Amino acid sequence: MTDMDEHDLRSLYRQMLLIRRFEEKSAEMYALAKIAGFLHLYIGEEAIAVGAVAALRPDDYVISAYRDHGHCLARGSDPGRVMAELFGKATGLCQGKGGSMHLVDLANRFMGGYAIVGGHIPLATGLAFATKYRKQDLVTVCFFGEGAVPSGQAHEAFNLAALWKLPVIFICENNRYGMGTPVARAVALYDNVAEAARSYGIMAERVDGMDVLAVRELMRTVVDQVRAGHGPFFIEAMTYRFMGHSMADPSHGHYRSKDEVEEHRKRDPLVLLKHQMLSQALCSEGDFKSLEQEVGEVVAAAVKFADESPFPDPSSLHADVMVEE
Amino acid sequence: MLLSYRDALNQAMREEMRRDSRIVLIGEEVGYYQGAFKVTKGFVEEFGPHRVVDTPITEAGFTGLAIGAAVAGLRPIVELMTMNFGIVALDQIVNNAAKIRYMSGGQLSVPLVIRGPGSAAHQLGAQHSQSLEAWFCHVPGLKVVAPSTPHDAKGLLKSAIRDQNPVVFIEAQLLYGTKGEVAEGEYTIPLGRADVKRAGTDVTVVAYSKMLLVALEAAERLRQDGLDVEVIDPRTLKPLDLESIVTSVKKTGRMVIVEEGWRFCGLGAQIADSVYAAAFDYLDAPIVRVTGEDVPMPYSRPLEDAAIPDVPRVVAAIHSLCGVA
Ligand SMILES: Cc1ncc(C[n+]2csc(CCOP(=O)(O)OP(=O)(O)O)c2C)c(N)n1
Ligand SMILES: [Mg+2]
């Protein structure tokens, strides 16, 4: 594979590393009360956002749920402005009005994080409807957890997408739990959640969500197909969240064992890719060290930027409720 | 006995479930997770998973199911993880729960409690920080309860569970940990009765849920200015105990209503309208409302603080009403 050169893999690795270190730092900042509210970490699931976004054009649409830092960063958002949003600062992506669960970066076509489970899936079909209507050759990628699959909004959206052949790619990040509920207690066809989409005639495939190259490869095929007008596609990406549901939830609750978490951590997407790169002699340990160094500096700078930025002035409270002429 | 609001709710449901096997508790994470806010701690262990039913993230589905089960003779308690998710179930609540009795000409009834936390907590963002009680109060066929103290929470929840009608029972995340004296043993508090939380002669303050605590603190501060503030908690928002409020207003001649919800079409507008109709001649000045700002709740701390009524704002409102600078 010609594209699997050093530069290419290094860039995928760097993006996953950036998300990982960014989120570890946000957890620290949460403990210091610099960040408040809900903070849902994506740690363990980075390969999905990075692999999927790598197959997109910059003008394609991406939309996500509340566990959205990874998708936003993968899309190319400035880490400083993302961190500033988590800090609730005026320089944040949404001027502090959105917060962790509601990142939006229109310039990078990141159309938002949404916190009502299932609620953004119809929005994705709407983005796709608009691009099709305007005869743009764009695709919309919609990320959500397996916990959203049984929701009525998901099903209505699946049917509409299939019925009208909308150019939307549903990516179900199956991390096996919705809060403390294992998928087997939430989805009737729990070992094949993609059936929910197939039953409406949507093509679907499962992928190893810990393998960034596998995700990207599947996505490349799917994106071509969807862009060509063959209708929606559903990807079930098998993954695992290494941390608690949110910062309010211990990293392994009583709903899963420490051993289970440790078992999945062995398939850490960063470690998997690193091993591959080392074994193919595409990178040396030294290269990884300097990547760590560089990403560490980016994250430190993001925190510094967020910390030094001003809070929004209370006079901005009523701004942007409506479009003012 | 000193009890937290959370434990008072837990006791109320536990006592009722022990005495009535028709009661089932249904909702997300109510069982094995012990409740998202630990209100149902120990329930699945005591009553078993057939009575403490964990659901997928399908509010419309399980609320509708509970309504159907109520029609068929059960007495379900639906726990909404937060009232925000009740919006997903709103069609079921408004079009079915509230209307089935009437549409059937009295043949059917829906003895059902829909409970969960409403209002803002700390920086949960726009989709997770809403006070929707006015929506529910607007709909004929529903009762709406919003207790502020552990004692009231317990007694009112027991009455709500025994009621023959659908009751929307609104708690608050920031109240769960608050403690108060709760009467020993079995007791209920009838729905539709206000409670004078603090007797006074100069001005009547009506406040409920979290805002009751804000009003009491403001009253305490105003004591130093020589103002004797009466604080009334309606406790049940619908049916509203107008008589108690009017009795107080006739005594004081002045009234302030404090509510966290949006001002426009907020509950205070209705209370003011009812008081004007019943006691206009007794008022020495127009009724003053202290409300949440008409904006989606911003994430950022200073903006959120600016959007929610606090003690200084209530104090200032009472000052201006009573002509104290
Ligand atoms: C409609 C609705 N109901 C409940 C919640 C509370 N809630 C937030 S996340 C979550 C679990 C979602 O699980 P999943 O979709 O698998 O996503 P994951 O968190 O695993 O990424 C729940 C129940 C919500 N946000 N929206
Ligand atoms: Mg999940």
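All values derive from a computational prediction rather than experimental measurement. Here is the naming used below: chain letters follow the sequence lines, and residue numbers restart at 1 for every chain. Side-chain atoms are counted along with the backbone in the values below, which use heavy atoms only and exclude waters and symmetry mates.
- The existence of a salt bridge linking K210(B) and E260(B) is confirmed by a sub-4.0 Å separation between a basic side-chain nitrogen and an acidic carboxylate oxygen.
- Here the shortest heavy-atom pairing between Q123(B) and R301(B) reads NE2-N, 3.3 Å.
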- Derivation and outcome, side-chain contact (heavy atoms from CB on, under 4.5 Å), residues E28(B) and E59(B): CA-CA 9 Å; E28(B) 291 154 16; E59(B) 287 82 2; 2.6 Å; yes
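- The parts of Y32(B) that come within reach of chain A are both its backbone and its side chain, each placing non-hydrogen atoms under 4.5 angstrom from that chain.
- Within residues 304-311 of chain A, the residues having any heavy atom less than 4.5 Å from a heavy atom of chain B are, in residue-number order, F311(A).
- When all heavy atoms of A215(B) and A207(B) are compared, the pair lying nearest together is CB-CB, 3.8 Å.
- E260(A) has its side chain within reach of Y240(A): a pair of non-hydrogen atoms, C-beta onward, lies under 4.5 Å apart.
- Under the 30°/60° scheme for interplanar angles, the aromatic rings of Y33(B) and H254(A) are found to be tilted.
- In terms of heavy-atom pairs under 4.5 angstrom with chain B, the leader among G92(A), P150(A), P312(A) is P312(A).
- Chain A forms more heavy-atom pairs under 4.5 Å with one residue of I87(B), I57(B), T58(B) than with any other, namely I57(B).
- Aromatic ring pairs are classed by plane angle as parallel below 30°, tilted from 30° to 60° and perpendicular above 60°; the pair H71(A) and F110(A) is parallel.
- Using a 4.5 Å heavy-atom cut-off against chain A, no residue of residues 61-69 of chain B qualifies as contacting.
- Both the backbone and the side chain of M179(A) come within contact range of chain B, judged by heavy atoms closer than 4.5 Å.
- Note: H120(A) and F143(A) fail the aromatic proximity criterion, with ring centroids not under 6.0 Å apart.
- Heavy-atom distances place no part of A60(B) under 4.5 Å from chain A, backbone and side chain included.
- Looking at F87(A), only its backbone comes within 4.5 Å of chain B, counting heavy atoms on both sides.
- Contacts between D320(A) and chain B at a heavy-atom distance below 4.5 Å are absent for every atom of the residue.
- Closest non-hydrogen pair, V290(B) versus A317(B), comes out as CG2-CB, 3.5 Å.
- Donor-acceptor pairing under 3.5 Å is lacking for the side chains of E259(B) and S131(B).
- Under the 3.5 Å distance criterion, with hydrogens and angles disregarded, a donor-acceptor pair is assigned to the side chains of E171(B) and Y176(B).
- Only the side chain of H102(A) comes within contact range of chain B, with heavy atoms under 4.5 Å apart.
- Ranked by non-hydrogen atom pairs under 4.5 Å with chain B, the options G98(A), A154(A), A90(A) are led by G98(A).
- A salt bridge does not link R263(B) to E293(B): none of the charged nitrogens lies less than 4.0 Å from a carboxylate oxygen.
- Annotation: maximal heavy-atom pairing with chain A below 4.5 Å, among D294(B), V88(B), L303(B), N84(B), occurs at L303(B).
- R221(B) has its side chain within reach of V311(B): a pair of non-hydrogen atoms, C-beta onward, lies under 4.5 Å apart.
- Within the 4.5 angstrom heavy-atom criterion, only backbone atoms of L86(A) (N, CA, C, O) approach chain B.
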- Please step through side-chain hydrogen bond (donor to acceptor under 3.5 Å, both in side chains) for the pair H264(A) and R256(A), ending with a clear verdict. CA-CA 12 Å; H264(A) 282 280; R256(A) 57 183 196 177; over 6 Å; no
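- Checking D249(A) against Y255(A) by side-chain atom types alone, a donor-acceptor pair falls below 3.5 Å.
- Contact of H122(B) with chain A is made through the backbone alone, with heavy-atom distances under 4.5 Å.
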